[in-house]
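Below is one structure; the comments refer to it alone.
Order of listing sets the numbers, starting from 1, for every ligand and every atom in it.
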Amino acid sequence: MAWLVKELNHHIYNYHVLDAPTIPDAEYDRLFRELQELEIAHPEAVSVDSPTFRVGAAPIPEFKQVTHAVPMLSLNNGFSDEDIDNFDRRVRDGLDTFQVDYAAELKFDGLAISLRYENGVFVQAATRGDGYTGEDVSANIRTVRVIPLRLRGEKVPAVLEVRGEVLMFKGDFDALNERQRAAGQKEFANPRNAAAGSLRQLDARITSQRKLRFFAYGVGLLEGAPLPESHSAVLDWLDQLGLPVAKERAVVRGCQGMLDYFRSIGERRKGLPYEIDGVVYKVDRVADQRQLGFVSRAPRFALAHKFPAEEALTTVQAIEVQVGRTGAITPVARLVPVSVGGVTVTNATLHNEDEVRRKDVRVGDTVIVRRAGDVIPEVLSVVLERRPEPVPPPYELPKSCPVCGSHVVREEGEAIARCSGGLTCAAQRKEAIRHFSGRRMMDIEGLGDRYIDSLVECNLIHGVADLYKLTLDDLLAMKRLADEREGTTPDTVRQGKVATKWADNLLGAIAASRHPPLERLLFALGIRHVGESTAKTLADWLGRLELVRRAPAALLRVLPDIGGTVAESIAEFFAEEKNQQALNALLAAGVAPQGEHPPKAQLRERLDEVTLLAALGIPKLTEPRARQLVQGGQTLASLADLKVFGVFGLPATVAAAFEEWMAQPGKREMLAALAALRTELLAQLPEAAEEVAGPLTGKTFVLTGTLPTLSRDAAGAMIEEAGGKVSGSVSKKTSYVVAGAEAGSKLAKAEELGVTILDEAGLLALLATTSVRAPT
Ligand code: IVH
């Protein structure tokens, strides 16, 4: 027992304080249960520092501490049908009844939070911490848009502490990681980690850019209103107050009811937009809950029914590499097969060279593998205590591509090593075609890995456009070869019969893929850093392939959520002659995006010459300097022709930097092209922005200065979503100026014109009072 206490406390510290667990949760749970059982059998030997007395660990010191008026306890876990049966029996015994109704709900895989409302107004949010004292994360929680700043309805309680879970939707998690990757920043391992990292940001502006969500599941303190008589009614009431409550809740009867609910949620789990790690049952009647009470750290009236663990221990047999679409070399661990959450895992990704080194994974190591939802299983960490003797050598990436033998290169500042073979490397060609034909891209049904491999190996396909030139004979020849090679030639073929239906179907599917929406075609091209969401931004804002393929980086950069790296990557892709040729070949083969449209009206504001000049990334040419040039009468076109620098009162160093930049090959032409494209775009733009109808429709906002928690993009997006417009300059028509720290001339102008001035809190209050309940 002493060993278990010490061991568990050590893991609690690793998990909560260091954020670096060294064993899987399931292993922790197992040890914990073992200790619990021993403590029940030997109560005289329970240690004062037993982790069964406490929940979690101390909060980190940077946030203000908050003492919970009602402690935030945790739940006992059940795993098997028998555990649920036992729970139901204990509840029935405790209540002295033969049948009990339970409120059944989802067990969200996020972070517990307590939200305090006084007279209906949000005043504080605190994390769970050790259950008694948590951290004040109010500033961050304010940025979570599904959380109302004011409760709805006439009769709100004097004090209400809502308990619930903060989490990140899977789609938002993918988009966040896409952005992190593009910005060269660390990716998050799973939505839970991403939500935790975002919530515990000391800088709430970062939190505001991470789409966090929230679901309420209970009430802590309540004053000035009666608590409804059942838990299900409590949830309905929270829903009426405007708090997000998951609709998957139900009231079920007895053990069978709970098990049925568990099965039905298990079937729907994959389709939910967020991750859950089980379901929770709570005795529905509040009076019964009170009667049952608590035992040490958890209520007797509730139980978490967890899905099988998604982490497991196994051994690394070998480390091999895979070659991706862009030549990226990904190390993969070959594992002794192990069941993780009900699925047998034999391979797990190690991401890249740095990750292997950071985790220090070696052949023969015992590792923790994790599988979450649909994602590829990954090696989380090595259990160093179990490293074999003699100690295996550290892993090294191969110097040449295992598929084509070309050099493996890793450019400075890049995490990924790549095969330098390009499309001469069969692995890269296969991956490019696999990506292109994927479900979320061109969606060519029936073009599976096996056919792709054979088509490439038979030299029938060099680029993706070749797909559209395939004939029935090509496909039959390819299949014959594939079958011969694999020794799978069917007897019917040996007898001279040839099946052609599959080939007809495949040709049909290829032909049917010719007219995808533009964003899918853009995604399918496999431009580095362009995922689904960036492709959608390009398609929404520019509308036509013709424009996307000609846009210089500076133009792409002014689009929402496209940063420097992504903009450069897109422009570089289209600057590459062979990519333009591949695209032309596709168009010549009859591929044409459907539903192209003129660029978005809101683009007009972003085509401001000052903004574009500053987006060019010319050293020292900051926005104020760009403004100086434009106010001095320069245009993009005139600058492209500029012969003499150092006019218009620019400081000598700035003028020199500009001159040097312009002397680089292609820059002058690029500037001229940007100027021409801008003129062309302005001519194509529809007149008035199509307006989103919302509570702020017809209102124009100007944002100025630095807001305490919201970035300008985030504040702008919130305004636009409510139907308002954001403009760059103050006039009599401006409805509100939202001013932050160091607001300058725009604030002065607003005061002069008598325009209403708001601070961030004022804006948030306006959005909260005008907004209908935010969608969950
Ligand atoms: S009720 C006194 N309901 O699970 C019981 N908890 O081990 C308070 N959780 O830290 C918790 N979904 O963050 C409850 N529907 C749900 C939940 C839920 C997730 C988390 C919660 C808590 C942990 C309990």
- Looking only at protein heavy atoms, identify the closest one to atom 3 (N) of ligand 1 and say how far it is in Å. K282 NZ, 3.0 Å
- Query: Which residue and non-hydrogen atom of the protein lie closest to atom 20 (C) of ligand 1, and at what distance in Å?
  - Reply: E165 OE1, 3.5 Å
- Distance from atom 4 (O) of ligand 1 to nearest protein heavy atom, with residue and atom: K107 NZ, 3.1 Å
- Query: Is any N or O atom of F108, backbone or side chain, closer than 3.5 Å to an N or O atom of ligand 1?
  - Reply: yes
- Task: Output yes when E275 and R192 qualify as a salt bridge under the 4.0 Å nitrogen-oxygen rule, no when they do not.
- Result: no
- How far apart are the closest heavy atoms of V338 and V369, and which atoms are they? CG1-CG2, 4.1 Å
- Note on the structure: Under 4.0 Å from one or more heavy atoms of A112, ligand 1 contributes atoms 10 (O), 13 (O)
- Query: Mind checking whether L75 has an N or O less than 3.5 Å away from an N or O of ligand 1?
  - Reply: yes
- Message: Under 6.0 Å between ring centres: does that hold for F173 and Y274?
- Response: no
- Item | R213 and D172 ion-paired at < 4.0 Å | yes
- Query: Do other residues, nucleotides or ligands put more than 12 heavy atoms under 6.0 Å from the CZ atom of R33?
  - Reply: yes
- What's the verdict on side chain to side chain donor-acceptor pair (under 3.5 Å) for D236 and Q240, showing C-alpha distance, side-chain angles and the deciding distance? CA-CA 6 Å; D236 292 341; Q240 282 158 21; over 6 Å; no
- Can you sort out which atoms of ligand 1 are near P299, meaning under 4.0 Å from one of its heavy atoms? 2 (C)
- Item | Nearest non-hydrogen partners of K359 and V382, listed with the distance | O-CG2, 3.4 Å
- Item | Nitrogen or oxygen atoms of R128 and ligand 1 under 3.5 Å apart | yes
- Message: Any carboxylate oxygen within less than 4.0 angstrom of a Lys/Arg side-chain nitrogen, looking at R30 and E27?
- Response: yes
- Query: Which option out of F215, Y281, Y217 puts a heavy atom nearest to atom 17 (C) of ligand 1?
  - Reply: Y217
- Message: As a quick check of understanding, evaluate salt bridge (Lys or Arg N to Asp or Glu O under 4.0 Å) for R263 and D81, giving each step before the final call.
- Response: CA-CA 11 Å; R263 305 255 140 78; D81 290 8; 3.0 Å; yes
- Note on the structure: protein heavy-atom neighbour closest to atom 8 (C) of ligand 1 works out as L73 O, 3.9 Å
- For ligand 1, is A302 a contact, meaning one of its heavy atoms is under 4.0 Å away? no
- Counting each atom of ligand 1 from 1 as listed, which ones have a heavy atom of E105 under 4.0 Å away? 3 (N), 15 (N), 16 (C)
- Task: Report yes if some N/O of L106 lies less than 3.5 Å from some N/O of ligand 1; otherwise report no.
- Result: yes
